[in-house]
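This is a predicted model, so every value here is computed, not measured. Chain identifiers are assigned alphabetically (A, B, ...) following the order of the sequence lines, protein sequences preceding nucleic acid strands; residue numbering begins at 1 within each chain.
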2 protein chains.
Amino acid sequence: MLREARKKELKEKIFLQALQLFRDKGFEQVTVQEITATCGIGKGTFFNYFAKKEDILLYLGESQIELLQQSMEKHRNIDQPKKQILHVLDDLLHHFSSHSELMKLASMEIIKSASLAGKESKSVQQLHRQLASMINSAKQDGKLHSRWETDIIATAIVGVYFHTILSWTLLEAQYSTINESFRRQFDVVWEGIDHS
Amino acid sequence: MLREARKKELKEKIFLQALQLFRDKGFEQVTVQEITATCGIGKGTFFNYFAKKEDILLYLGESQIELLQQSMEKHRNIDQPKKQILHVLDDLLHHFSSHSELMKLASMEIIKSASLAGKESKSVQQLHRQLASMINSAKQDGKLHSRWETDIIATAIVGVYFHTILSWTLLEAQYSTINESFRRQFDVVWEGIDHS
DNA sequence: GTCATTTAATGACTACGGTCATAATAGGTT
DNA sequence: AACCTATTATGACCGTAGTCATTAAATGAC
């Protein structure tokens, strides 16, 4: 149906224009009026695509899922599960670092909406799911021996990852610092996971 | 000066009335009008004391500092630094648990404002400082031997603590679960800290 | 007590996020 | 084409956070 294609196209347009404006002027300084004017549509139309202004940031978080999948594809043939997961998460961290200001805001919104809704956001769920799938494969291929259930392992890793992101937003550190800190934390956690 | 006393008194009144209303109806459902009406003052007066409605939540976070100091006093004479710190942080967690809804919101605001301001909030700074002071005392008394600088140790512990808080807001878990998880994480970190 | 000055209180006003009833339009049906 | 229905666009409108010029009050000097 053409309808669907148009809808998605317009949503993408609103999303991209909004991001550009946010980058230029900062989230708070951009009004919904401004976004819609830039897109050549009426103000009300915005809210047909995003329930709240903040939802642009949630969508940004969700759009990282694509990146995640690309990265998993890229590192599909790495043998050691630890290395594989580390590479994937490092890709995410790296991307995060190159758009840090907006990504920080997006993280806040993801956490906030998750804590208000009492359930995890789409993007966190996805990360969890993809990690679980990597871990399961590794288990089945005999590359990982652990007494923990896959879900528990995935949760632990997501926890470390988010802790890293959070520290970053708080400490305003460089990518190299954060990455280093992440690796150290990951080492500790992995030691508890892998009983090979 | 009487001026100062009155000011503080009114700020406290606004703060307490606002908290009560937030608890009754939820943060979003309470208007500034309502808060000021309950206090018998004009709407504009609110903003002489708190720059934003959200700042009530930040103030709530800061008010935990008192609790922190009380707790440190209470456990001042515990010999082992590990036990001492664990007791203090457990007190904080426990208090957090008994006002969890508001404290979750407050945590979000603390993190948010910290990430926007690019620096840590008062409450986080205080926690860091007090931990550092405990650690330093322990070092000087020969009760703790570590190759790490005091600040690094304090940062690591604050990190674990905040990770715990964050997990809590995301997972909607019970106090006992969270507390258990915190102890485990703390054990791991402490192992890296203490080289006695 | 009176005047001057600093500080706090106030509510009309502004700007923006979000709603909603209505208008426009696309797709399908005959 | 003519009509009907479901979907999308729209901007007037509403409620509220936050501003600000003005008023009121407190403090201090003489």
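- For F47(B) and dT10(C), the CZ to P distance is 14 Å, given to the nearest whole Å.
- Counting heavy atoms of neighbouring residues, nucleotides and ligands inside a 6.0 Å radius, atom NE2 of H99(B) exceeds 12 of them.
- When rounded to the nearest whole Å, the span between CG of D55(B) and P of dG18(D) equals 8 Å.
- The cationic group of K53(B) lies under 6.0 Å from the six-membered ring centre of F27(B) and within 45° of the ring axis, placing it in a cation-pi geometry.
- You'll find the side chain of T36(B) stays beyond 4.5 Å of the side chain of T45(B), heavy atoms only.
- Look at CG on L10(A): it is 11 Å from P on dT8(D), rounded to the nearest Å.
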What pairs of nitrogen or oxygen atoms, one from the protein and one from nucleotides 11-13 of chain D, lie under 3.5 Å apart?
residue: dG11(D); atom: N7; partner: G44(A); partner atom: N; Å: 3.3

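- Residue Y49(A) places at least one side-chain N or O under 4.0 Å from the OP1 or OP2 atom of dA9(D).
- Of the candidate nucleotides dG18(D), dC16(C), dA8(C), dG18(D) has the atom lying nearest to any side-chain atom of K53(B).
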Walk me through whether R76(B) and E73(B) qualify under salt bridge (Lys or Arg N to Asp or Glu O under 4.0 Å).
CA-CA 5 Å; R76(B) 166 226 291 278; E73(B) 193 62 29; 2.4 Å; yes
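- Side-chain contact check for Q126(B) and Q130(B): at least one donor-acceptor pair (N or O, by modelled atom type) lies under 3.5 Å.
- Each of dA9(D), dG18(C), dG18(D) was ranked by its minimum atom distance to the side chain of K52(A); first place goes to dG18(C).
- Residue-level contact check: F50(A) touches neither bases nor backbone, having no heavy atom under 4.0 Å from any strand.
- Considering only heavy atoms from C-beta on, L58(B) comes within 4.5 Å of D55(B) through its side chain.
- The side-chain heavy atoms of D91(B) and L67(B), taken from C-beta on, include no pair separated by under 4.5 Å.
- For K7(A), a side-chain nitrogen or oxygen approaches OP1 or OP2 of dT8(D) to under 4.0 Å.
- Among the protein residues, I35(A) comes within range of no part of the nucleic acid, since none of its heavy atoms lies under 4.0 Å from any strand.
- Contact of N48(B) with dA9(C) (side chain to base): a donor-acceptor pair of N or O atoms is detected under 3.5 Å.
- The listed nucleotides are dA17(D), dA8(C), dC16(C); the one nearest the side chain of V32(B) is dA17(D).
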